[in-house]
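Reading through the structure tokens given below for one structure.
Proteins come first, then strands; the chains are lettered A, B, ... in the order of their sequence lines, and each starts at number 1. The figures here come from the full heavy-atom set of this structure, side chains too, leaving out hydrogens, waters and symmetry mates. In this text, all values refer to a predicted model and were calculated from it rather than measured experimentally.
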There are 2 protein chains.
Amino acid sequence: MPRTVDAAERRRQIAEAVWRVIRRDGVPGASVRAVAREAGTSMGSLRHWFATQDELLHFAMTLVVERARARGEAAASAGGPLVARLLRVLEETLPLDDERQAETEVWLALTARALVDPRLAELRDRSAAELHAFCGDVVRVLTEAGEARSGLDLDLEAERLYAVLDGLAVHAVSRPTALPADRARQVLAAHLDSLRDTG
Amino acid sequence: MPRTVDAAERRRQIAEAVWRVIRRDGVPGASVRAVAREAGTSMGSLRHWFATQDELLHFAMTLVVERARARGEAAASAGGPLVARLLRVLEETLPLDDERQAETEVWLALTARALVDPRLAELRDRSAAELHAFCGDVVRVLTEAGEARSGLDLDLEAERLYAVLDGLAVHAVSRPTALPADRARQVLAAHLDSLRDTG
DNA sequence: AAGAAAGTAGCACAATCGTGCTAGGAAGGG
DNA sequence: CCCTTCCTAGCACGATTGTGCTACTTTCTT
């Protein structure tokens with residue numbers, strides 16, 4: 001057996017180079033050559049790990065989704081009161097620090113591109129469905145725990161919460177001055193609170 | 001004086017060709033040649049009206065914003081009860097029919113591109129500030145008309161309404177099956193209703 | 001009729017793109 | 001030692017890009 005590198009790790013490093021390029025120059029700037037340069041490697045080597053550019057972009061977005069999910073699961077299994085814990089999970093999708101801001105920027109760029117790229121669209125649909133379902137879980141859990149107003153339309157509230165979440169993400173990432181991180185967190189918390197007993 | 005065409009009309013026609021291309025092939029597909037072909041004209045003629053590609057994209061987005069604003073103003077000056085009228089204005093930013101869906105797709109694509117294009121960013125900021133301000137107006141007007149709950153945090157509610165609005169727009173345009181037009185309208189109406197007396 | 005102005009057409013050029021391809025280097029098993 | 005295999009490197013090709021530029025057509029004024 002010849003020299004072997006950690007394939008998953010190598011692909012992850014390259015995907016992070018993709019993020020840096022996308023943040024700096026947008027998706028159109030993420031050419032094979034630019035990514036190779038950013039990753040400190042050659043075109044040939046890059047093509048050894050990703051056969052095509054589509055595969056590269058697809059993997060970069062997959063990693064964004066997986067990271068957000070991992071953070072969400074970590075927050076979900078942490079301690080604390082129920083409502084606060086749910087809030088923490090939801091907050092993991094907001095651009096509240098540099099890392100999450102980078103991910104949200106990439107997410108937005110690739111969501112736009114997914115409008116015309118079926119492969120990205122499929123990935124976006126899967127992750128969107130997941131987050132949407134989780135919003136439904138939040139509303140349901142709050143209701144069952146007696147933490148929510150009675151008479152809520154569960155499906156509608158899930159949809160509304162999901163809209164608030166992505167709306168805040170878009171605004172916070174595209175106009176961080178108009179909507180600073182703390183403010184976004186505050187609005188999300190207020191929304192959850194509005195589902196509770198005292199209207 | 002030689003032959004003269006309506007310059008504004010000509011530029012508008014070309015901008016609409018840009019939209020059609022963007023909807024079909026995304027912003028990356030909106031090359032000068034593709035737009036010229038779609039507009040049924042030549043590269044040279046196109047360049048007579050728009051010196052650079054940036055100018056072309058910028059104008060195409062300007063037109064999206066102006067159209068939405070025009071529809072909003074029309075809805076605002078229409079008749080009917082106050083709350084219903086405000087709802088109609090807000091609905092003008094949702095992809096509720098083909099025309100508005102096209103505009104929302106272009107809006108999303110260009111919002112993403114604005115992350116790395118300062119000229120588009122400036123335009124996006126102006127229109128975002130306008131819509132944000134209008135959300136503030138809605139909350140304020142509802143309050144002054146006695147149609148809103150007392151004790152509302154006006155700034156926060158403006159932010160939340162604005163988030164619901166763009167969140168619904170993003171979801172309706174990127175996953176129309178998961179969030180059909182009527183459902184988006186329903187959620188928005190429910191949100192406005194939640195600001196009213198009976199929590 | 002003639003000329004000037006406005007619009008149209010599209011070639012030419014350099015740059016950049018994604019990817020097919022071959023060759024060199026590195027490292028562990030025999 | 002050598003040889004197999006993984007990885008890296010980067011040239012080459014055809015296609016496409018934005019834009020500079022010139023030539024042609026059309027139409028109104030004088």
For [X] and [N], give me the distance from atom [atom1] to atom [atom2], rounded to whole Å.
X	N	atom1	atom2	answer
A:Arg37	D:dG10	CZ	P	13 Å
A:Gln13	D:dT8	CD	C1'	14 Å
B:Gln53	C:dA15	CD	P	19 Å
A:Asp6	D:dC7	CG	C1'	14 Å
B:Leu56	D:dG18	CG	P	10 Å
A:Arg47	D:dC11	CZ	C1'	13 Å
B:Arg33	C:dA9	CZ	P	15 Å
A:Phe50	C:dG20	CZ	P	16 Å

[X] side-chain N/O to [N] phosphate OP1/OP2 under 4.0 Å:
X	N	answer
B:Ser42	C:dT8	no
B:Thr41	C:dA9	yes
B:Trp49	C:dA6	no
A:His48	D:dT8	no
A:Arg10	D:dT8	yes
B:Thr52	D:dG18	no

Q.
Less than 3.5 Å apart, any donor N or O on the side chain of A:Glu159 or A:His132 sitting next to an acceptor on the other?
A. yes
Q.
Working note: B:Glu38 + B:Arg24, criterion salt bridge (Lys or Arg N to Asp or Glu O under 4.0 Å); need CA distance, chi angles, decisive distance, verdict.
A. CA-CA 11 Å; B:Glu38 177 69 35; B:Arg24 194 189 326 124; 2.4 Å; yes
(Q) By nearest heavy atom, map A:Ala51 and B:Ser45 onto DNA chain C; which one lands nearer the 5' end? (A) B:Ser45
Q. Nearest to the side chain of A:Met43 - C:dC17, C:dT8, D:dG10?
A. D:dG10
Q) Any donor and acceptor pair, going by atom type alone, linking the side chain of B:Arg113 with main-chain N or O of B:Val27 inside 3.5 Å? A)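 Flag not set: sc B:Arg113 to bb B:Val27 has no pair under 3.5 Å.
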(Q) What I'd like to find out is whether the side chain of A:Glu91 reaches to under 4.5 Å of the side chain of A:Leu188, using heavy atoms alone. (A) yes
Q: Look at atom CZ of B:Arg88 and say whether more than 12 heavy atoms of other residues, nucleotides or ligands are closer to it than 6.0 Å.
A: no
